[in-house]
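Please read the structure below before turning to the comments.
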Amino acid sequence: MIIENLAEFASKKFGQNFLKSDHYLQKIVQAMPNDNLKVAEIGPGLGDLTKELVKTRNVTAFEVDKRLCEHLATEFEAPIHKGCFELRCGDVLERWESGSLLDEPYHLVANLPYYIATNIILKAFKDELCQSILVMVQKEVAVKFSAVAKQKAFSALSVLAQSVGKATLCFEVEREAFVPPPNVTSAVLLIEKEQSRDDEKFETFLKVAFSQPRKKLSKNLLSAFSKDIVDQTFAKLDLDPNLRPHEAETSIYHHLYNELKDNLDGKQQSKQRKLSKSREKNAKR
């Protein structure tokens with residue numbers, strides 16, 4: 001397949017921006033953990049990064065765009081025949097529904113479309129076989145994942161990242177390195193996992209805790225927990241009642257969660273019961 005105009009070929013549906021800078025391609029490869037684990041590459045695109053990866057790694061690529069699948073199957077015919085490259089066409093999220101992306105420990109590498117980047121990273125957090133995550137994302141997303149307590153960008157995503165390992169914003173990538181250029185600055189994010197975590201209740205708890213980032217943490221928690229329980233928990237953990245969400249260390253969120261997860265506000269539970277009864281009545285009509 002010959003692509004005459006790359007900018008026109010790029011699919012808006014899939015949020016495609018092709019990285020065409022050898023400088024940044026080499027920097028991504030250099031940022032990878034130094035071992036011999038397999039690599040799962042999400043969104044290989046035209047295969048520019050893939051060409052560098054297959055030189056030293058066994059790569060399995062996941063591509064949703066059928067046009068690119070045809071291109072990659074031809075472009076990487078030799079590595080496929082050699083057994084160091086496998087191409088899987090389809091939605092990578094569907095693959096995750098049936099378990100891990102690969103059947104052995106691996107590193108995740110991806111140039112992710114901005115609209116799906118956060119979801120992909122959170123899926124990788126839960127995959128026990130995923131050992132690290134090296135992704136190109138919107139700079140704002142990379143900053144949120146890599147921020148530490150006391151920084152204004154510290155968020156629920158920061159807590160989740162620190163709960164599984166260490167997150168580092170490696171470097172920024174200028175818009176001109178892509179075809180077509182995205183509207184925002186990109187950055188390469190590395191998350192080195194020490195463990196996996198699959199706890200949707202904890203994620204929900206963090207959404208409550210950071211619901212209004214500039215408000216007091218204790219006030220945010222009142223939307224899900226009674227005032228008495230929040231006050232008692234803050235006193236038990238010796239926490240400042242004026243603490244803002246971005247000021248609390250990750251360990252504090254785990255302590256709060258462990259204390260509060262079984263003490264949902266009675267009013268909220270009552271609302272849920274009333275809502276359920278209302279739905280039952282409507283269903284009978």
Side-chain angles (χ1 to χ4, degrees), residues 1-3 6 9-11 14 16-113 116-117 120-121 123-137 165 168 170-171 173 177-179 188-193 196:
M1 179 175 62
I2 299 176
I3 304 172
L6 196 55
F9 177 82
S11 169
F14 295 127
Q16 291 172 348
N17 301 94
F18 302 113
L19 180 63
K20 301 298 292 182
S21 165
D22 289 337
H23 170 70
Y24 288 114
L25 289 171
Q26 291 301 323
K27 290 191 71 172
I28 292 172
V29 172
Q30 292 167 8
M32 292 186 63
N34 186 21
D35 57 33
N36 296 316
L37 291 185
K38 284 188 175 182
V39 169
E41 184 184 11
I42 297 178
L46 297 170
D48 294 285
L49 178 58
T50 315
K51 289 177 184 177
E52 299 301 320
L53 294 174
V54 296
K55 290 178 181 179
T56 57
R57 304 271 184 162
N58 188 305
V59 179
T60 299
F62 297 83
E63 178 56 60
V64 69
D65 190 335
K66 292 181 180 179
R67 304 172 306 160
L68 289 174
C69 282
E70 294 177 5
H71 167 76
L72 292 166
T74 301
E75 188 76 13
F76 291 90
E77 184 177 358
I80 291 173
H81 181 72
K82 187 179 178 181
C84 62
F85 179 71
E86 181 181 354
L87 178 62
R88 297 182 182 178
C89 298
D91 189 341
V92 70
L93 294 177
E94 293 180 1
R95 169 68 183 180
W96 254 316
E97 289 178 1
S98 60
S100 178
L101 286 190
L102 302 184
D103 57 5
E104 62 182 89
Y106 71 92
H107 296 300
L108 177 64
V109 178
N111 175 11
L112 296 176
I116 199 173
I120 291 288
I121 294 171
K123 289 287 187 183
F125 282 176
K126 301 171 183 178
D127 189 336
E128 293 184 356
L129 293 178
C130 178
Q131 305 300 299
S132 76
I133 305 159
L134 183 64
V135 290
M136 176 94 69
V137 293
T168 305
C170 300
F171 52 88
V173 182
F178 298 89
V179 179
V188 170
L189 172 72
L190 173 63
I191 301 172
E192 299 169 281
K193 291 178 62 181
S196 296

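Position 1 is the first residue of the sequence, and the numbers go up from there. These figures come from a predicted structure and were not determined experimentally.
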[atom2] on [Y] to [atom1] on [X], rounded to 0.5 Å:
X: Leu72; Y: Arg67; atom1: CG; atom2: CZ; value: 11.5 Å
X: Asn58; Y: Phe85; atom1: CG; atom2: CZ; value: 10.0 Å
X: Ser196; Y: Gln131; atom1: OG; atom2: CD; value: 7.5 Å

Using atom types as modelled and distance alone, determine if a side-chain donor or acceptor of [X] lies under 3.5 Å from a backbone N or O of [Y].
X: Ser132; Y: Ile191; answer: no
X: Lys82; Y: Glu77; answer: no
X: Ser100; Y: Trp96; answer: no
X: Arg88; Y: Thr60; answer: no
X: His107; Y: Ala40; answer: no
X: Asp127; Y: Leu101; answer: yes
X: Glu192; Y: Leu190; answer: no

Using a 6.0 Å distance limit plus a 45 degree cone around the ring axis, check whether Lys193 lies over the aromatic ring of Phe125. no
Over all atoms of both residues, closest heavy-atom pair of [X] and [Y]:
X: Pro44; Y: Thr50; result: CB-OG1, 3.5 Å
X: Cys170; Y: Leu134; result: SG-CD1, 4.5 Å
X: Val137; Y: Ala117; result: CG1-CB, 3.7 Å
X: Leu87; Y: Ala73; result: CD2-N, 3.8 Å

Is there a side-chain contact between [X] and [Y] (heavy atoms, below 4.5 Å)?
X: Ile121; Y: Val135; result: yes
X: Asp48; Y: Leu19; result: no
X: Val109; Y: Ile133; result: no
X: Phe171; Y: Lys27; result: yes
X: Lys51; Y: Glu75; result: yes
X: Tyr24; Y: Val188; result: no
X: Lys123; Y: Leu93; result: yes
X: Val59; Y: Glu86; result: no

Check step by step if side chain to side chain contact (heavy atoms under 4.5 Å, CB included) holds for Val92 and Ile120. CA-CA 9 Å; Val92 70; Ile120 291 288; 3.7 Å; yes
Starting from the C-alpha separation in whole Å, work towards a yes-or-no answer on side chain to side chain contact (heavy atoms under 4.5 Å, CB included) for His81 and Phe76. CA-CA 9 Å; His81 181 72; Phe76 291 90; over 6 Å; no
In terms of heavy-atom contacts, does CG of Asn36 have more than 12 from other residues, nucleotides or ligands at under 6.0 Å? no
Test Phe62 against Glu41 for side chain to side chain contact (heavy atoms under 4.5 Å, CB included), laying out the working first. CA-CA 6 Å; Phe62 297 83; Glu41 184 184 11; over 6 Å; no
Note: Glu52-Lys55 ion pair, threshold 4.0 Å (strictly below): yes
Starting from the C-alpha separation in whole Å, work towards a yes-or-no answer on side chain to side chain contact (heavy atoms under 4.5 Å, CB included) for Lys38 and Arg57. CA-CA 6 Å; Lys38 284 188 175 182; Arg57 304 271 184 162; over 6 Å; no
